[in-house]
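Each remark here refers to the structure printed beneath this line.
The sequence lines fix the lettering, A, B, ..., with proteins before strands; numbering per chain opens at 1.
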There are 2 protein chains.
Amino acid sequence: MRAHELPEIRRLPLFRDMRHASFETLMQGAYAQTFPAGLELIRQGDPADFLHIVMEGAVELYSLWSDRECTMAVVQPVGSFILAACIRDAPYLMSARTLERSRLVLLPSSDVRAVFRTDPEFAVSVIGELAGCYRAVVRHAKGLKLRTSRERIASYLLRQSRLAGEVASYILPVEKRLLASYLGMTPENLSRALKTLEADGVKIDGTRVIITDRARLTALARPDQLIDGPDPDGSTAGVSLPPANVAGLRRGA
Amino acid sequence: MRAHELPEIRRLPLFRDMRHASFETLMQGAYAQTFPAGLELIRQGDPADFLHIVMEGAVELYSLWSDRECTMAVVQPVGSFILAACIRDAPYLMSARTLERSRLVLLPSSDVRAVFRTDPEFAVSVIGELAGCYRAVVRHAKGLKLRTSRERIASYLLRQSRLAGEVASYILPVEKRLLASYLGMTPENLSRALKTLEADGVKIDGTRVIITDRARLTALARPDQLIDGPDPDGSTAGVSLPPANVAGLRRGA
DNA sequence: CGAACCCTTGACAGAAATCAACTAAGGTGG
DNA sequence: CCACCTTAGTTGATTTCTGTCAAGGGTTCG
């Protein structure tokens with residue numbers, strides 16, 4: 001574990017308010033490691049041995065069923081994931097893999113469970129974090145059930161613009177195939193839909209998004225606080241696609 | 001509040017382990033009320049003033065967006081709902097309405113928040129409950145993204161059979177239109193799909209489900225612990241479609 | 001330089017939403 | 001008690017959307 005990492009973890013909403021002694025205890029069992037890109041970190045169905053924290057890089061949470069696969073979320077620094085499985089001491093519902101070279105901190109689940117039983121402040125933080133995760137997945141499910149593909153794409157593109165500060169142009173933070181899977185469609189479908197969206201106020205040039213008519217795009221997407229967020233919480237715990245990413249320049253140019 | 005209701009609430013996993021004094025405090029601010037069928041209990045977007053507990057009847061959680069609507073879950077006795085919004089003191093992400101005449105207990109959100117800060121045992125229960133809710137929604141989302149309509153229907157029918165004790169025949173616990181919405185399709189689509197499923201080992205006669213070839217139906221549904229549950233938790237907190245329902249005889253005959 | 005891999009495009013088949021009409025069952029009010 | 005009305009459910013015809021299969025261009029990385 002590196003010197004600067006402990007304070008970073010400590011600043012996470014999940015760990016910010018806990019007692020000093022509890023934090024020490026948790027970190028005693030922690031270990032950090034750097035993984036190459038494309039590595040499977042956890043496999044759905046396995047017992048939840050560790051709470052994972054992404055310090056650098058990016059991790060994809062995805063699910064498998066019967067030779068099909070879909071992306072559920074992308075976790076970026078500094079965020080944790082699979083807290084729920086750790087707490088329930090239950091099998092992971094999702095798999096996780098690194099999207100790029102990534103540095104993770106792993107906390108034994110048993111330590112996490114032990115600590116929130118003795119540190120009420122930590123328990124409260126865990127409650128807040130879980131409630132936030134829950135609400136994020138509910139939003140995702142709402143989007144899937146209430147919106148058409150084009151509407152989901154339009155909403156996503158607008159949300160990314162908002163997260164970058166209402167910019168008119170930005171770089172997609174993830175590969176299109178991953179985005180397609182996250183939005184619940186095939187890459188081919190996304191590709192075609194993006195093309196037809198040029199008539200609705202947004203142009204895509206490679207990985208660059210250019211909003212040409214925000215009003216028109218907004219009319220199509222009809223963004224909704226209760227689907228697109230925010231819950232201006234704090235932590236992002238394996239929840240939605242990329243937060244922050246201020247300049248819109250994480251990948252590509 | 002009726003005499004027998006307090007012990008029933010106390011038996012819920014969410015309240016089972018808390019201190020006596022805390023329980024008393026919570027129940028002091030509680031009030032119970034019976035509502036007619038079809039009444040809107042809460043509207044998405046409203047501030048989360050109360051934690052709701054279903055004592056009798058059934059409550060549908062649904063979402064609205066842009067003149068579309070979809071069912072997210074059905075809560076049956078004895079279960080709670082919208083815990084997450086209460087805890088975050090955030091707007092409800094879902095609306096709720098009674099499906100039949102229902103008796104509810106309402107706990108002021110502020111009381112809930114206050115109590116879990118002072119009663120570590122209650123905090124731990126809340127953590128468990130939220131983690132369970134989170135996992136349930138993740139399962140639901142996985143089903144929507146990984147399975148086709150027919151597979152979702154087949155899985156649902158099999159799961160209901162399992163919940164009723166591997167029976168070969170049972171009565172659908174909810175209206176078909178609601179089921180269609182829950183499974184992410186139109187009523188027409190469900191109706192047609194059910195017809196074609198007769199070739200795959202299940203026959204529907206009105207509200208009665210008859211599994212004629214379990215092996216065949218199972219081959220189609222490919223049930224998966226990581227989608228269809230269980231998390232043999234305890235509480236069901238507004239999470240999936242009906243639990244229990246032992247004889248499969250809640251509605252109809 | 002070659003091998004993957006991502007992305008795109010085209011052609012096609014299958015699935016699902018929509019619109020409309022019709023039936024049946026349940027509840028209401030005369 | 002019956003006529004009526006409302007609503008769930010079904011079925012059909014049609015259109016739209018989506019997934020699948022296949023091929024080709026471009027890029028990255030070893």
Practice item. Could you tell me the separation between the CZ atom of B:Arg152 and the P atom of C:dA15, rounded to a whole number of Å? Key: 13 Å
Revision key, fill the gap. A correct 5'-to-3' footprint of nucleotides 7-14 of chain C, with B, S and - meaning base, sugar-phosphate only and no protein heavy atom under 4.0 Å, is SSBBB---
Would you list the protein and nucleotides 22-26 of chain C atom pairs, both N or O, that sit under 3.5 Å from each other?
none

**Study point:** Exercise: do A:Thr34 and A:Arg101 side chains pair donor with acceptor under 3.5 Å
**Key:** no
Point to revise | Pair B:Arg97 + B:Glu69, salt bridge at N-O below 4.0 Å | key: yes
Revision key, fill the gap. Heavy atoms of B:Leu41 and B:Phe81 approach each other most closely as CD1-CZ, 4.4 Å
Practice item. Name the nucleic acid region contacted by A:Thr148, choosing base, sugar-phosphate or nothing; use a 4.0 angstrom heavy-atom cut-off, strictly under. Key: nothing
**Study point:** Between P of C:dC5 and CG of A:Leu99, the distance in whole Å
**Key:** 15 Å
Review point. Is B:Arg147 salt-bridged to B:Asp224, cutoff N-O under 4.0 Å?
Key: no
Revision key, fill the gap. note: A:Leu172, atom CG; C:dC6, atom C1'; distance rounded to Å ~ 13 Å
Revision key, fill the gap. For A:Ser63 and A:Leu93, the nearest pair of non-hydrogen atoms, with its separation, is OG-O, 3.7 Å
Review point. Heavy atoms, side chains only, cut-off 4.5 Å: are B:Ile53 and B:Leu12 in contact?
Key: yes
Check your understanding: How close do B:Met94 and A:Tyr134 get, heavy atom to heavy atom, and via which atoms?
Key -> CE-OH, 3.6 Å
Practice item. Using modelled atom types only, decide if a donor and an acceptor are shared between the side chain of A:Arg103 and the backbone of A:Glu56 within a distance under 3.5 Å. Key: no
**Study point:** Range on DNA chain D touched by chain A - first to last nucleotide, heavy-atom distance under 4.0 Å
**Key:** D:dT18 to D:dC21
Exercise for review: Determine the minimum heavy-atom distance between A:Met72 and B:Ala141, stating which atoms define it.
Suggested key: CE-CB, 3.9 Å
Practice item. Answer yes or no: are there more than 12 heavy-atom neighbours, outside B:Arg162 itself, under 6.0 Å from its atom CZ? Key: yes
